[in-house]
Amino acid sequence: MIAVIGGTGLYRFLSGATEEVTVDTPYGPTSAPVTLGEIAGREVAFLPRHGRNHEYSPHTVPYRANLWALRRLGATKVLAPCAVGSLDPAAGPGTITVPDQLVDRTSGRTSTFFDGHGVHVSFADPYCPVLRAAAAPGADRASGTMVVIEGPRFSTRAESRWYAAQGWDLVNMTGLPEAALARELKLCYASIALVTDLDAGIEAGEGVHTEDVLAQFRANLPRLTDVLARTIATVDPAAPCECARGDHDLPDGLDAGPVW
Ligand code: ADE
C-alpha cells in the first residue's frame with residue numbers, strides 16, 4: 001500500500017469508494033482517521049498531517065503515531081507533499097521540487113522510535129531514490145536541499161539569508177522528524193515540495209504570511225495532486241527497496257521485517 005501524508009492545504013485527497021479507519025497506536029492518536037481508497041488500481045492510504053481542520057501545528061504533529069499507524073495498515077511507501085518557502089528567487093511560488101537532502105533545524109521534537117535501543121539508521125540519503133525518480137517527471141526540479149525549521153513562526157530575514165548562503169534551496173517546518181521516523185520503520189519516503197512563497201531573506205517585501213502560503217497552495221493544488229496520482233500509478237508498492245535495509249527490529253506492534 002502507498003500512503004500519502006497531506007501537508008498544509010491538503011486535507012482530503014481520495015475520492016470515490018473510501019473507508020475511514022482509526023488506528024490505536026502506542027504513541028497516541030494520529031492527526032486524523034486514515035482514509036483508505038484506490039488510485040490507478042492501487043490501494044492508497046491518506047492522512048492529513050495537520051489534522052482535517054489543521055488542529056496540529058508543525059511542532060505538535062503526532063509524527064510517530066502517524067507513521068506507526070500507516071505501517072500497521074500495510075503501507076510500504078509514503079509520499080509526503082508539503083508547502084515550502086523558496087530560498088532561490090528563480091524558483092518562485094508554484095514550483096514543485098522533489099528534494100534530495102535535508103538539514104535539521106528543529107529542536108525538542110521526538111525524533112526516534114528507539115529511545116535506549118542502540119538503533120542508528122543510515123540517513124545519508126534521507127529520501128527513497130525510487131519514489132523520487134517516480135515523482136520527478138511531474139516536478140519542476142528533481143533535487144534540492146530542504147532545511148526544516150522548528151516554527152511555528154517563519155524565519156527572520158537574517159536566518160533566511162543564512163540558509164540561502166549555505167546553498168540550501170527550500171525551507172519547511174514538517175519534513176523532520178517525519179523522514180527519519182519513516183526510515184526507522186523501513187518505509188520508503190519522499191517529499192514533494194510545493195513552493196508557496198519566497199522566504200523572508202529573499203523577498204524584497206514584508207516577509208512570509210500564512211494567508212499567502214494558503215492561497216498559493218490552493219492555487220497549485222490541482223497540479224500537486226496530479227503529480228501525486230501519477231507517482232502512485234508509477235510505483236510498485238511491493239517492490240523491495242534499499243530503504244528497508246537495517247537489521248533492527250521494528251517498534252512493538254509492528255512486524256519484524258519489511259512487509260513485502
Ligand atoms: N512553509 C511554507 N512556506 C514556508 C516558509 N517560508 N518557511 C517555513 N515553512 C514554510
Side-chain angles (χ1 to χ4, degrees), residues 1-8 10-11 13-14 18-37 43-82 102 104 106-123 126-128 131 148 150-152 173-191 237-238 241 243-260:
M1 184 197 289
I2 299 173
V4 174
I5 304 181
T8 296
L10 182 54
Y11 306 109
F13 176 57
L14 294 165
T18 57
E19 185 190 345
E20 270 186 21
V21 290
T22 300
V23 183
D24 289 329
T25 90
Y27 309 98
T30 56
S31 301
V34 180
T35 308
L36 302 176
E43 255 193 304
V44 176
F46 176 73
L47 180 56
R49 180 182 292 115
H50 296 280
R52 286 194 180 151
N53 300 301
H54 209 110
E55 301 93 310
Y56 296 97
S57 292
H59 62 295
T60 62
V61 168
Y63 294 100
R64 291 198 297 182
N66 288 351
L67 285 160
W68 190 97
L70 293 172
R71 183 70 155 85
R72 185 87 171 89
L73 288 170
T76 52
K77 324 243 177 219
V78 179
L79 293 170
C82 57
L102 276 170
D104 193 352
T106 66
S107 56
R109 300 186 186 185
T110 304
S111 58
T112 180
F113 287 100
F114 295 111
D115 289 334
H117 285 68
V119 175
H120 307 279
V121 292
S122 176
F123 206 50
Y127 296 118
C128 171
L131 283 185
V148 185
E150 177 59 18
M173 298 181 196
T174 55
L176 287 163
E178 201 170 83
L181 293 170
R183 181 60 55 82
E184 287 192 343
L185 296 190
K186 306 186 182 185
L187 290 162
C188 294
Y189 179 98
S191 288
C241 186
C243 299
R245 257 178 70 177
D247 57 6
H248 63 276
D249 290 335
L250 294 184
D252 285 351
L254 298 178
D255 294 338
V259 286
W260 48 82

Ser122: side chain to side chain contact (heavy atoms under 4.5 Å, CB included) partners, not counting sequence neighbours: none

Residues forming a side chain to side chain contact (heavy atoms under 4.5 Å, CB included) with Pro81, sequence neighbours excluded: Val4, Leu10, Leu224, Leu228

By side chain to side chain contact (heavy atoms under 4.5 Å, CB included), Thr110 pairs with (sequence neighbours left out) Arg64

Testing the 3.5 Å rule here: is there a donor-acceptor pair between the side chains of Glu19 and Thr35? no

Pairwise side-chain contact, Val61 with Ser31, heavy-atom cut-off 4.5 Å (strictly under): yes

List in chain and number order the residues that pass ring pair (Phe, Tyr, Trp, His ring centres under 6.0 Å) with Phe113, two or more places apart in sequence or in another chain; answer none if no residue qualifies. Tyr27

Under 3.5 Å: donor-acceptor pair, side chain of Asn53, backbone of Glu55: no

Are Pro62 and Pro29 packed together at the side-chain level, in the sense that at least one heavy-atom pair is separated by less than 4.5 angstrom? no

For Phe46, all residues meeting ring pair (Phe, Tyr, Trp, His ring centres under 6.0 Å), sequence neighbours excluded: Phe13

Contacts of Glu20 meeting side chain to side chain donor-acceptor pair (under 3.5 Å) (sequence neighbours excluded), chain-then-number -> Arg52

Apply the test side chain to side chain contact (heavy atoms under 4.5 Å, CB included) to residues Val148 and Thr174: give CA-CA distance (whole Å), side-chain angles for both, the deciding distance (0.1 Å), then the verdict. CA-CA 7 Å; Val148 185; Thr174 55; 6.0 Å; no

Without swapping roles, check the side chain of Lys186 against the backbone of His248 for a donor-acceptor pair under 3.5 Å. yes

With a 4.5 Å limit on heavy-atom distance, are the side chains of Tyr63 and Leu176 in contact? no

For the residue pair Pro237 and Ile2, what are the closest heavy atoms and their distance? CB-CG1, 3.9 Å

Minimum-distance pair of heavy atoms, taken over all atoms of Pro126 and Ala179: O-CB, 4.5 Å

With no hydrogens and no angle check, just 3.5 Å: does a side-chain donor-acceptor pair link Asn66 and Thr30? no

Between Leu67 and Ala182, what is the shortest heavy-atom contact and its length? CD1-N, 3.7 Å

Sequence neighbours excluded, the answer for side chain to side chain contact (heavy atoms under 4.5 Å, CB included) partners of Ala45 is Met1, Ala3, Val34, Leu36, Leu70

With sequence neighbours left out, the residues meeting salt bridge (charged side-chain N to carboxylate O under 4.0 Å, His left out) with Arg49 are Glu178

Could you check whether any side-chain heavy atom of Phe123 comes within less than 4.5 Å of a side-chain heavy atom of Leu102, counting everything from C-beta outward? yes

Partner set under salt bridge (charged side-chain N to carboxylate O under 4.0 Å, His left out) for Arg72, not counting sequence neighbours: none

Side-chain contact test, heavy atoms from C-beta onward, threshold under 4.5 Å: evaluate it for Pro58 versus Thr8 and give yes or no. no

Mind checking ring pair (Phe, Tyr, Trp, His ring centres under 6.0 Å) for His54 and listing every partner two or more places apart, or none if nothing turns up? Tyr11, His50

Heavy-atom closest contact (Cys241 atom, Cys128 atom, distance): SG-SG, 3.7 Å

Taking the side chain from Thr25 and the backbone from Gly28, do they hold a donor-acceptor pair closer than 3.5 Å? yes

To the nearest 0.5 Å, what is the distance between OH on Tyr189 and SG on Cys243? 12.0 Å

Could you work out, with side chain to side chain donor-acceptor pair (under 3.5 Å) as the rule, every residue matching Arg245, not counting sequence neighbours? none

Heavy-atom check, side chain of Leu131 versus side chain of Leu79, under 4.5 Å: yes

Those residues at least two apart in sequence (or on a different chain) that pass salt bridge (charged side-chain N to carboxylate O under 4.0 Å, His left out) with Glu150 are Arg109

Say whether, by atom type as modelled, one donor and one acceptor occur between the side chain of Thr112 and the main chain of Phe114 under 3.5 angstrom. yes

